[in-house]
Amino acid sequence: MSRALEMTRAQKAAAILVAMGKPSASKLLKFFKQEELKALVEGARLLRTISQADLEKIVAEFEAEFAEGAGLMDSSDQMDTILNETLSPEEMNALMGVAQAETVESGPPPVWPDVEKAEPAKIAAFLTEEHPQTAALVLSKLSPGSAANVLLVLDRDVRSEVVKRMMSMATIPEVATGIIEDQLRSRLLSESATRDTSAGQIRVASVLNEMDKDKLDEVMLELEHSGAPDVQGLRARLFAFEDIVQLTQKARVALFDSISTELVTLALRNAPPALTEAVLSSIGARARRMIESELGQGSESVNAADITRARKAIAAGAIRMAREGAFELPSAESAAA
């Protein structure tokens, strides 16, 4: 059966216009009404390549209404090109109903930037309850750094399965992605919004964590006296090197497991005995002997600024590990109590 017989009148007209080529078609389009142009576009959307024989039948049928045409229909993209080169942007917007389409398709804002702001441990907890394929899709949408932080928190078996699926992942349908985005908004982000502090608190905490312990305590006392909102939530994000004595033994062992003896030695220069013992009791016997030997030689020639930087580096490592869910900071435990 000839395909030309199955085509609508609008499709036949679109085929003729494309076959005529842009110069001739552009001149004719100026005489069409808006509703006629819209019908042409809709017809062209459903049009595929047609044979020369079918095109000749269409030309014969419309030869009384259109100028003689020649050539082969390629695709509806050519109709878009003709319209774009013939009509003004305003006319195209009116024809295609762009304003209405934008309203319908705008939808909620992208969810992924907000997901990356959530704590890796919370993302990992969410993904652990989901199918590994869902977890793989979520991590594939995150930046490499954020995805890596979440992978580190996942259980080993879960992590292995998720990574394998990420490696073999094909294109995911938009519908499936949309469903997962909705789940992230309703379950992960809604919980984060009620339990997490604001971005402003995070920025303030990062500034305060750069201060020496005595100055940090002074500022926090001033905030409490001034009636600043959610001071306890802010305090839960603070940690100084001197706070190591308040960590559990398990947390201290985890913290110093990956810190070099050189950095630990430098940080313990001129440290109070209780703090020194809390640190040394958290590392291996051999490393402890080496550090004690170094400390026994005195600290007169050591730059005080270097000691401060070493302590801040260790404190920053504790904050990072707490953010990843390795343990809780003592200030966070106090805030939750």
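Since the structure is predicted, the reported quantities are computational estimates derived from the model, not experimental observations.
- Of the possible donor and acceptor atoms, none in the side chain of S293 sits under 3.5 Å from a partner among the backbone N and O of R289.
- Counting only heavy atoms from C-beta outward, the side chains of N149 and E324 approach each other to under 4.5 Å.
- Atom CD1 in I123 sits 11.5 Å away from atom OG1 in T128 (nearest 0.5 Å).
- With values rounded to the nearest 0.5 angstrom, T265 atom OG1 is found 11.5 Å from I259 atom CD1.
- Counting all heavy atoms, side chain and backbone alike, A278 lies closest to R252 at O-NE, 3.1 Å.
- No side-chain heavy atom of L127 sits under 4.5 Å from any side-chain heavy atom of V162.
- Distance alone, capped at 3.5 Å, places no donor-acceptor pair between the R311 side chain and the A240 backbone.
- Proximity of E294 to E262: side-chain heavy atoms (C-beta onward) are nowhere separated by under 4.5 Å.
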**Request:** Check step by step if side chain to side chain contact (heavy atoms under 4.5 Å, CB included) holds for K250 and F327.
**Result:** CA-CA 9 Å; K250 181 179 179 181; F327 50 76; over 6 Å; no
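- Note on I319: it does not cluster hydrophobically with V153, by side-chain heavy-atom contacts below 4.5 Å among ILVMFWY residues.
- In the hydrophobic clustering of ILVMFWY residues, with side-chain heavy atoms under 4.5 Å counting as a link, M290 and V264 come out apart.
- Taking hydrophobic clusters as Ile, Leu, Val, Met, Phe, Trp and Tyr residues chained together by side-chain heavy-atom distances below 4.5 Å, V138 shares a cluster with M167.
- When all heavy atoms of A254 and M321 are compared, the pair lying nearest together is O-CE, 3.5 Å.
- Side chain of S226 to main chain of L223: a donor-acceptor pair is present (N/O by atom type, distance under 3.5 Å, no hydrogens or angles).
- Considering all non-hydrogen atoms of both residues, L329 and A318 come closest at CD2-O, 4.0 Å.
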**Request:** Dump the intermediate steps for side chain to side chain contact (heavy atoms under 4.5 Å, CB included) on D306 and R309, then the final yes or no.
**Result:** CA-CA 5 Å; D306 292 337; R309 279 193 291 270; 2.3 Å; yes
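- A 4.5 Å side-chain heavy-atom check between K215 and E218 finds at least one atom pair inside the cut-off.
- Inter-residue side-chain proximity for D257 and I283 is flagged as unmet; no heavy-atom pair is nearer than 4.5 Å.
- Proximity of L280 to L268: side-chain heavy atoms (C-beta onward) are separated by under 4.5 Å at one or more points.
- For the atom pair L275 CG and N270 CG, the distance stands at 11.5 Å (nearest 0.5 Å).
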**Message:** As a quick check of understanding, evaluate side chain to side chain contact (heavy atoms under 4.5 Å, CB included) for F256 and I244, giving each step before the final call.
**Reply:** CA-CA 11 Å; F256 288 101; I244 285 174; 3.6 Å; yes
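- Remark: side-chain polar atoms of T134 are not paired, donor with acceptor, to backbone N or O of E130 under 3.5 angstrom.
- Heavy atoms only, all atoms of each residue included: R269 and G298 are closest at NH1-O, 2.9 Å.
- A salt bridge is defined here as a Lys NZ or Arg NE, NH1 or NH2 lying under 4.0 Å from an Asp or Glu carboxylate O, and R288 with E277 meets this definition.
- When atom types are taken as modelled, the side chain of S260 and the backbone of L263 share a donor-acceptor pair closer than 3.5 angstrom.
- With respect to the salt-bridge test (charged N to carboxylate O, under 4.0 angstrom), the residues E161 and K164 qualify.
- Cluster annotation: M166 and W112 are assigned to the same hydrophobic cluster (Ile/Leu/Val/Met/Phe/Trp/Tyr, side-chain heavy-atom contacts under 4.5 Å, transitive).
- Put simply, the side chain of S146 never gets that close to the backbone of L142: no donor and acceptor are under 3.5 Å apart.
- Between F126 and L184, the closest side-chain pair of non-hydrogen atoms falls below 4.5 Å.
- Between the side chain of R159 and the main chain of L154, a donor-acceptor pair closer than 3.5 Å is present.
- Of all heavy-atom pairs between A267 and A310, the closest is N-CB, 3.9 Å.
- Going from atom CG of L266 over to atom CD1 of I307 covers 6.0 Å, rounded to the nearest 0.5 Å.
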**Message:** Does M211 form a side chain to side chain contact (heavy atoms under 4.5 Å, CB included) with M220? I'd like the steps, not just the answer.
**Reply:** CA-CA 11 Å; M211 297 182 178; M220 289 302 298; over 6 Å; no
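- For E328 (side chain) and A322 (main-chain N/O), no donor-acceptor pair under 3.5 Å exists by modelled atom type.
- Looking at heavy atoms from C-beta onward, S282 lies out of side-chain contact with L255 at the 4.5 angstrom threshold.
- Under the 4.5 Å side-chain heavy-atom criterion for grouping Ile, Leu, Val, Met, Phe, Trp and Tyr, L139 is connected to L137 within one hydrophobic cluster.
- Closest approach of P330 and L247 over heavy atoms only: CD-CD2, 3.5 Å.
- A distance-only check finds a donor-acceptor pair linking the side chain of N303 to the backbone of A305 [under 3.5 Å].
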